[in-house]
Amino acid sequence: MAPGRSPPGRRSGSATAWALPFLPALLLAVLLGTAFCHRTAAAEDAPPPLVLAGEAPSFALRGHLARLDDTDGLRGIGDVAHSNAFRVRPPDADERNYTSGAIWYRFTVVRTPEMPAEWLLTIGEPFIEDIRIFTPTGDGGFRETRLGRLIPNDRLPLASRQHVARIDLAQTTPTTVYVRLASRNEIQFMAQLWRPETVLFPEARLSMILGMLLSISIAIVAVYLMFGIWLRDATMLAYAFYVATIALMSACHTGTLALLFPAMGGNSNHLLSGFGVAGNLAALTVMWDRVLDLRTMFPRIHRLYRFVCAIALLFLFAVPTPWFPALIQPSFLITPVVTLTSLTLAIIRLRRGNSGYLVKYYILAFAPFLVFSLFHAAEALFPSQVDILSVRYIGNAAMLTHITILCVALGHRIALIQQGRLRADAEVSATRAAMHAHNNFVSMLSHQLRTPMAIILTSVGLLELDQPGNPRTARIRGAVRQMRDLTTDILADARMTEAAETMAVEPIELLPVLVSLLEGRRDGAARVFRQNFDVAAGVIVDGDRTLLGVMFANLIDNAIKYSPPGSEIRIDVTCAHGAVAVTIADDGPGIAPGEADRVFERFYRSPAASSYPGTGLGLYLVRQIAHRHDGSVSLASEPARGTALTVTLPLHRDPQKPKPARLHRPHLIPRFYRGTSDATSL
């Protein structure tokens, strides 16, 4: 067997394990597919008339309907009323239809003499777009009443969550009514005749329940969005989007949106419903992908979920097109398949013992939706045994249970995150205390070292008076200055670790600072400083005076240290685009191309600079201080041709601060290097 190849038995087992989560989902898909494709054949040539008698508040039209399919949607009432193409729908027929044409229904009503003449016809589902009701006028003609979501609620004579029309049964003889339905959404014809005085209470009660569900959903979306943004939690944001799509679909499909926005009509209900359906599938896949960590735990299924999410996003673009009705049915099938697959994967993770509390909460929260999906499928397969309204109530109860469980999960998650933050804050406080103690010790030690170094320098000065030109005193002075430079750099480096807290930011005029630093550099070997300040004197930056002093002192001292005696050091200052650029260039040995980035590393010293005194902290501190001031450092160098370092800092923007007078500056000022001055002089 070749190395790296799995045995055949093991490969087969792996494939079986990979396909296992999809088996329940495929079973549900077959069940729902059968439900959507289910059609019941016609049983009779003419349905029995609906007889209105007794004390019942309403009478359902189920079992009294005949149907005619108008595939092109062009047939009128005159043609339909004389058509023999109507087919009777049996009492257990409950059809869901997607058609680009129209569907006609016909029913006959007979009222007994003791029954009232005026009735209200309610038609669902509430999201049907175009409804036309034709009632006979007695002279062979028909009176047309137009309803549907294409017409805003405020333009209807009877505005309601459902579609409501008055039916006048003045005669006790049979009255035949024709209903034409057309919609780009699902068409499910559920109709009842109500006594006018009895329809208000059940409609108001159901509207109140649906309004409460919508309010709870909106509150959940707002809470999850707020905490998702605050905690930067992609799972919470995905769930907020998921609940928002459910709320949007529910508001469109139940007619609640028409009550909230009575002036809304036209294509708005169809578009919002389509965005809810497609967005729900996309949010569902992203949410489960994050909850189950599919990228790590099930990488193949993770890629499959990403593909499903991409398809759902394509559905969003297809909503305004005529092809969306053909695409919506696959999305209705994919959604429960994704849910069941995700629940199966969650159970697999629980059995492996590597899942957190969030997976358990999601399993518990989505279980009611699985039960609702099964009832929904049973309603379509066996409509005579399952009541439609009962299934709707089950769906609302499932949604409430789902939201309640996930609210508990949210509270638990926030509590754990808060506990983690408290522990992190305690650790940060302890770390800061240790850093403060360390920095205080370094500062105390550095300041204590300055006193003996000052005494040594004073003694060296006295010795030089007695023995001028003694090389030993020159070496002592150089060693002391090197120790002072090291102490200054260590202090600056220690301060950088807590610069965010200790930086004393103030407006600083830059040019006098540079001139002061240049005038303080003198030595026996002369260097010429050529200043090219191509700006006015009022160049002001926001910064820490001490740290900026360390940065510019290191740049100038590096140029002096590495340039040969008598050479020229150029200092250029320019302003452009709200920033000031300070360039310090020398004619020294330059930096090799491979070391251009490394010279900014802490304690790094080039092999070519080993003969020069230094600590390896200078350019590191320059870059760190520039970054602390929202600036940058760039380097341009060629071997044997010198180095140019440019520091760019943002200008101070204070329109109320007066500009100082223009600085008088000589074009050429010879200066002599006398060692690194104290950086705190800035």
Side-chain angles (χ1 to χ4, degrees), residues 219-240 286-287 289-297 346 349-350 352-365 403-448 487-506 542-548 550 600-603 617 620-621 623-631:
I220 293 297
V221 171
V223 170
Y224 267 81
L225 275 177
M226 179 180 66
F227 281 104
I229 295 173
W230 176 44
L231 301 173
R232 298 180 182 179
D233 192 315
T235 304
M236 287 188 181
L237 294 176
Y239 181 72
V286 173
M287 180 186 63
D289 182 69
R290 300 285 303 183
V291 170
L292 298 174
D293 192 16
L294 295 182
R295 181 191 295 270
T296 304
M297 304 302 300
R349 285 200 57 181
L350 284 178
R352 291 179 180 177
N354 57 359
S355 63
Y357 72 94
L358 191 60
V359 174
K360 300 176 183 178
Y361 275 118
Y362 271 70
I363 291 176
L364 190 62
I403 290 175
T404 302
I405 295 173
L406 284 174
C407 283
V408 175
L410 174 64
H412 190 188
R413 184 177 180 84
I414 293 174
L416 291 181
I417 291 175
Q418 186 64 22
Q419 292 175 8
R421 287 194 169 187
L422 291 176
R423 288 194 298 268
D425 289 342
E427 294 175 359
V428 169
S429 298
T431 303
R432 284 179 177 173
M435 290 174 57
H436 281 301
H438 172 267
N439 292 335
N440 289 336
F441 171 76
V442 172
S443 299
M444 180 194 67
L445 181 61
S446 300
H447 285 292
Q448 291 298 325
T487 302
T488 301
D489 287 345
I490 291 176
L491 276 174
D493 184 43
R495 189 173 183 183
M496 289 303 299
T497 60
E498 54 176 352
E501 299 178 2
T502 61
M503 281 179 61
V505 179
E506 58 179 330
D542 291 322
D544 184 288
R545 191 172 290 271
T546 301
L547 293 179
L548 288 178
V550 172
F600 293 103
E601 295 178 4
R602 195 177 187 182
F603 299 120
L617 282 172
Y620 164 78
L621 291 175
R623 184 173 64 175
Q624 295 299 317
I625 294 171
H627 288 176
R628 293 286 186 183
H629 291 78
D630 296 327

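Residue numbers run from 1 in the order of the sequence given.
Of the possible polar contacts, none joining the H629 side chain to the Q624 backbone as a donor-acceptor pair under 3.5 Å is found. Looking only at distances, a side-chain donor or acceptor of R349 sits under 3.5 Å from a matching main-chain atom of L292.
For Q419, the side-chain contact (heavy atoms from CB on, under 4.5 Å) criterion is met by L416, R423, not counting sequence neighbours. Residues passing the side-chain hydrogen bond (donor to acceptor under 3.5 Å, both in side chains) test with Y224, sequence neighbours excluded: none. V223 meets the side-chain contact (heavy atoms from CB on, under 4.5 Å) test with F227, L410; sequence neighbours excluded. Under the rule for a side-chain hydrogen bond (donor to acceptor under 3.5 Å, both in side chains), S429 has no partner lying at least two apart in sequence or in another chain. Considering only residues two or more places apart in sequence or on other chains, L237 meets the side-chain contact (heavy atoms from CB on, under 4.5 Å) condition with L225, I229. Checked against side-chain hydrogen bond (donor to acceptor under 3.5 Å, both in side chains), D630 has no partners two or more places apart in sequence or in another chain.
Considering all non-hydrogen atoms of both residues, L547 and D544 come closest at N-OD1, 3.0 Å. What you find for I625 and L548 is that their closest heavy atoms are CG2-N, 4.3 Å.
For the atom pair CZ of R290 and CZ of R295, the computed distance is 8.5 Å after rounding to the nearest 0.5 Å.
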- [ ] Take V291 and Y239 through the side chain to side chain contact (heavy atoms under 4.5 Å, CB included) test and state the conclusion after the steps.
- [x] CA-CA 10 Å; V291 170; Y239 181 72; over 6 Å; no
